[in-house]
Amino acid sequence: MPEGHTLYRLARDLHQAFAGDVVSSASPQGRFADSASVVDGLVLTEASSRGKHLFVDFDQDLAVHVHLGLYGKFRVSAGPALPPYGQVRWRLVSKRSYADLRGATACELVTPEERGAILDRLGPDPLDPEADPERAWERVRRSRAPIGGLLMDQQVVAGVGNVYRAEVLFRQRLHPLRPGRSVTRPRFEALWDDLVTLMPEGVRLGRIVTMRPEDAPAAREASPAEGRRVRYYVYRRGGRPCLVCGTKVRHEVLQQRNLFWCPRCQPAYRPRTVG
DNA sequence: GTGCCATGTGAAA
DNA sequence: TTCACCTGGCACC
């Protein structure tokens with residue numbers, strides 16, 4: 001599930017498995033072969049993430065930028081490497097570990113300048129303790145675009161994907177189609193703070209968990225047919241009853257992404273009318 | 001077993 | 001606006 005928490009965890013795992021070690025680097029699939037050979041035999045110095053972007057650093061100021069896209073996977077395993085299955089774009093091997101990258105949208109050698117340009121395009125990441133939410137607020141408060149779209153815009157907030165978007169807007173009782181500039185500062189702060197709470201939990205647990213424990217019993221009661229499968233308030237629950245109020249969850253496609261919300265818990269914004 | 005759909009993004013048309 | 005990426009979980013047969 002590649003939202004920001006996945007990349008953060010992946011960077012941590014890669015760092016723990018490889019940092020400080022000489023690694024062999026190859027592209028069994030071939031598409032990354034030339035670049036993979038450039039870092040082959042070098043020391044992997046650091047792995048880090050920002051938003052949904054991963055950077056793997058090597059000696060000599062060399063770095064590989066990876067973006068998993070929708071279904072990319074980067075699996076880190078202990079022990080001797082097994083024969084690759086499927087399309088392995090990049091394989092890293094050390095004495096203790098190996099890692100296989102498949103299905104990624106981006107896997108490229110980048111210069112420090114290119115890496116800087118990628119970072120410059122990203123808004124604050126709720127997983128970054130140094131992140132400055134003011135930068136996101138400045139975008140939100142001036143925008144007519146829907147808050148549901150702004151949250152997914154990586155230049156506004158880095159790392160939020162479709163699941164966190166749907167769930168955090170539900171938790172904050174914000175309608176996803178409200179214009180950014182209709183969101184008050186306290187409500188924006190609550191939204192940001194909620195992401196700062198939720199996303200590290202995602203890192204810790206290795207999956208997105210958004211449901212408050214006190215809502216879980218109500219969830220089972222409200223939607224017995226779904227049994228234990230219910231994991232989210234609204235994400236992928238279009239047409240099913242809201243776990244809190246029972247109203248049918250709405251589903252719409254916004255900018256080619258599925259959008260879910262409860263029309264009762266997340267009421268539409270009604271601008272004040274004059275006269 | 002088969003087929004559909006998805007947590008995302010940038011390039012091509 | 002559509003396609004490419006080409007994995008993998010899950011609903012359905």
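Note that the coordinates shown come from a computational prediction; the quantities given were computed from them, not determined experimentally. Sequence lines set the chain letters: A, B, ... in the order given, protein chains first and strands last, and positions in each chain run from 1.
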Rounded interatomic separation in angstrom, taking [atom1] from [X] and [atom2] from [N]:
{"X": "A:I208", "N": "B:dA6", "atom1": "CD1", "atom2": "P", "answer": "15 Å"}
{"X": "A:K73", "N": "C:dC6", "atom1": "NZ", "atom2": "C1'", "answer": "11 Å"}
{"X": "A:Q255", "N": "C:dT2", "atom1": "CD", "atom2": "P", "answer": "15 Å"}
{"X": "A:L70", "N": "B:dG10", "atom1": "CG", "atom2": "C1'", "answer": "13 Å"}
{"X": "A:E3", "N": "B:dT9", "atom1": "CD", "atom2": "C1'", "answer": "14 Å"}

Under 4.0 Å from OP1 or OP2 of [N]: is there any side-chain N or O of [X] that close?
{"X": "A:R236", "N": "C:dC10", "answer": "no"}
{"X": "A:R257", "N": "B:dT7", "answer": "yes"}
{"X": "A:Q29", "N": "C:dC6", "answer": "yes"}
{"X": "A:N258", "N": "B:dT7", "answer": "yes"}
{"X": "A:K52", "N": "B:dT9", "answer": "yes"}

query: Does atom CZ of A:R12 have more than 12 heavy-atom neighbours from other groups under 6.0 Å away?
result: yes
Rounding to the closest angstrom, what is the interatomic distance between [N] and [M] at atom [atom1]?
{"N": "C:dC13", "M": "B:dC5", "atom1": "P", "result": "14 Å"}
{"N": "B:dG10", "M": "C:dG8", "atom1": "P", "result": "23 Å"}
{"N": "C:dC6", "M": "B:dA12", "atom1": "P", "result": "15 Å"}

Heavy atoms under 4.0 Å, any strand shown: does [X] hit a base, just sugar-phosphate, or nothing?
{"X": "A:Y85", "value": "sugar-phosphate"}
{"X": "A:Y235", "value": "sugar-phosphate"}
{"X": "A:R89", "value": "sugar-phosphate"}

Whichever of A:R75 and A:G69 has its nearest DNA chain C nucleotide further upstream toward 5': A:G69
Test item: side-chain donor near acceptor, A:H175 and A:Q266, under 3.5 Å: no
query: Between A:R102 and A:Y85, is any pair of side-chain heavy atoms under 4.5 Å apart?
result: yes
From the set [options], return the single nucleotide nearest to any side-chain atom of [X].
{"X": "A:R31", "options": "B:dA6, C:dC5, B:dG10", "answer": "C:dC5"}
{"X": "A:T105", "options": "B:dA6, C:dC5, C:dT7", "answer": "C:dC5"}
{"X": "A:N162", "options": "B:dT7, B:dT9, C:dC5", "answer": "B:dT7"}
{"X": "A:Q154", "options": "C:dT2, C:dC5, B:dT9", "answer": "B:dT9"}

- request: Given salt bridge (charged side-chain N to carboxylate O under 4.0 Å, His left out), test A:R250 with A:E252 step by step and report yes or no.
  value: CA-CA 7 Å; A:R250 289 282 308 273; A:E252 221 170 85; 2.9 Å; yes
- prompt: Is A:R173 close enough and on-axis enough to A:F170, meaning under 6.0 Å and within 45°, for cation-pi?
  reply: yes
